[in-house]
Amino acid sequence: MSWQAYVDTNLIGSLKVQKAAILGQKGGVWATSAGYTLSPDEQKAVINAFKNPEVTQANGVRLAGQKFFTLSCNDRSLYGKKQADGCVVVKTKQAILVTEYVAPTQAPEATPIVEGLADYLISVGY
């Protein structure tokens, strides 16, 4: 399956995630949903977010020009909120899944979709 198919089918196709990108941990965008653009600085910040979760927790994260308040961040997952919308960002062995959900979708609906794909990618070496 192509990286774009993971975005289109597994993430956007779930109807629980409205925007998504897959980044390489060494940089670069592997796939993205239509119209979802993370600037080079935003990509670098997402990659570095997992290296220092305390800083990410304190400062939040910016995705496609929108700032999200960090609810939780550890060495694998980052959860953020912006009013009624939110983000779920999960690191695998080689990639980082960056997703946003929009109200009325809530975190408990979107999170298992993203974490589940991350678990699968980890299980196959990515």
Side-chain angles (χ1 to χ4, degrees):
M1 185 179 279
S2 73
W3 294 111
Q4 191 62 49
Y6 287 120
V7 168
D8 295 340
T9 304
N10 298 74
L11 298 173
I12 302 299
S14 72
L15 304 179
K16 301 298 178 188
V17 170
Q18 283 69 37
K19 301 172 187 173
I22 300 176
L23 306 179
Q25 284 192 35
K26 295 181 180 176
V29 177
W30 292 1
T32 186
S33 58
Y36 192 54
T37 304
L38 300 175
S39 74
D41 286 343
E42 290 171 337
Q43 293 172 42
K44 191 180 301 180
V46 166
I47 292 166
N48 290 330
F50 299 100
K51 294 176 184 170
N52 197 338
E54 296 80 19
V55 171
T56 305
Q57 183 78 43
N59 297 332
V61 64
R62 187 171 292 278
L63 304 173
Q66 302 295 312
K67 181 158 184 179
F68 289 83
F69 171 74
T70 303
L71 299 174
S72 174
C73 185
N74 56 45
D75 62 357
R76 172 188 157 113
S77 303
L78 183 161
Y79 305 109
K81 198 81 171 149
K82 179 183 171 280
Q83 297 173 335
D85 304 336
C87 67
V88 179
V89 181
V90 184
K91 183 175 82 168
T92 68
K93 290 180 180 178
Q94 298 182 40
I96 299 174
L97 308 179
V98 180
T99 67
E100 293 185 35
Y101 59 88
V102 178
T105 301
Q106 296 295 310
E109 298 171 277
T111 300
I113 303 295
V114 184
E115 293 279 0
L117 178 56
D119 288 340
Y120 169 75
L121 293 173
I122 290 167
S123 78
V124 296
Y126 285 100

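Residue indices begin at 1 and follow the sequence shown. All heavy atoms count here, side chains included; hydrogens, waters and symmetry mates do not.
Between the side chain of Thr9 and the backbone N or O of Gly13 there is no donor-acceptor pair closer than 3.5 Å. Under a 3.5 Å cut-off, the side chain of Gln4 and the backbone N or O of Ala31 do not form any donor-acceptor pair. Without hydrogens or angle criteria, Thr99 side chain to Val88 main chain gives a donor-acceptor distance under 3.5 Å.
One finds the OG1 atom of Thr56 at 11.0 Å from the NZ atom of Lys51 (value rounded to the nearest 0.5 Å). A distance of 7.5 Å separates CD of Glu100 from CD of Gln66, quoted to the nearest 0.5 Å. Separation of atoms CG (Asn52) and CD (Gln57) is listed at 11.5 Å; rounding is to 0.5 Å. If you take CD on Gln43 and CG on Asn48, they are separated by 12.0 Å, rounding to the nearest 0.5 Å.
The closest side-chain heavy-atom distance from Val7 to Thr32 is not below 4.5 Å.
Applying the side-chain contact (heavy atoms from CB on, under 4.5 Å) test between Leu78 and each of Leu71, Val98, Val61 identifies Val61 as the sole match.
No continuous path of hydrophobic side-chain contacts links Val17 to Phe68 [ILVMFWY only; heavy atoms under 4.5 Å]. Ile96 and Leu11 fall into different hydrophobic clusters, where Ile, Leu, Val, Met, Phe, Trp and Tyr residues are linked whenever their side-chain heavy atoms come under 4.5 Å apart, directly or through other members. With hydrophobic clusters built from ILVMFWY side chains whose heavy atoms lie under 4.5 angstrom apart, Val46 does not share a cluster with Leu121. Hydrophobic clustering (side-chain heavy atoms under 4.5 Å, transitive across Ile, Leu, Val, Met, Phe, Trp, Tyr) groups Leu97 together with Tyr79. Val90 is not connected to Leu63 by any chain of hydrophobic side-chain contacts under 4.5 Å among Ile, Leu, Val, Met, Phe, Trp and Tyr, and they are in different clusters.
Scanning both residues, Leu38 and Ala64, for their nearest heavy atoms gives CD2-N, 3.4 Å. The two residues Glu115 and Ser77 come nearest to each other via the heavy atoms OE2-OG, 2.6 Å. Residue Ala84 comes nearest to Ala103 through the heavy atom pair CB-CB, 3.6 Å, listed as atom of the first residue, atom of the second, then distance. Residues Ala49 and Cys73 approach most closely at O-SG, 3.8 Å, considering heavy atoms. Heavy-atom minimum distance, Tyr101 versus Ala110: CD2-CB, 3.7 Å. Closest of all the heavy-atom pairs between Phe50 and Arg76 is CE2-O, 3.2 Å.
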Which pairs would a plain distance check flag for residues 18-30, meaning a side-chain donor or acceptor within less than 3.5 Å of a matching protein atom at least two apart in sequence or in another chain?
from  : atom 1 : to     : atom 2 : distance (Å)
Gln18 : OE1    : Val102 : N      : 2.7
Gln25 : NE2    : Thr92  : O      : 2.4
Gln25 : NE2    : Lys93  : O      : 3.3

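Annotation: side-chain contact (heavy atoms from CB on, under 4.5 Å) contacts of Lys16 (sequence neighbours excluded): Ser14, Thr105, Glu109, Ile113.
Counting only residues at least two apart or in different chains, ring-ring contact (aromatic ring centres under 6.0 Å, His included) contacts with residues 102-126 comprise Trp3-Tyr126.
Within 6.0 Å of atom NZ in Lys81, more than 12 heavy atoms from other residues, nucleotides or ligands are found, so the atom counts as buried in its surroundings.
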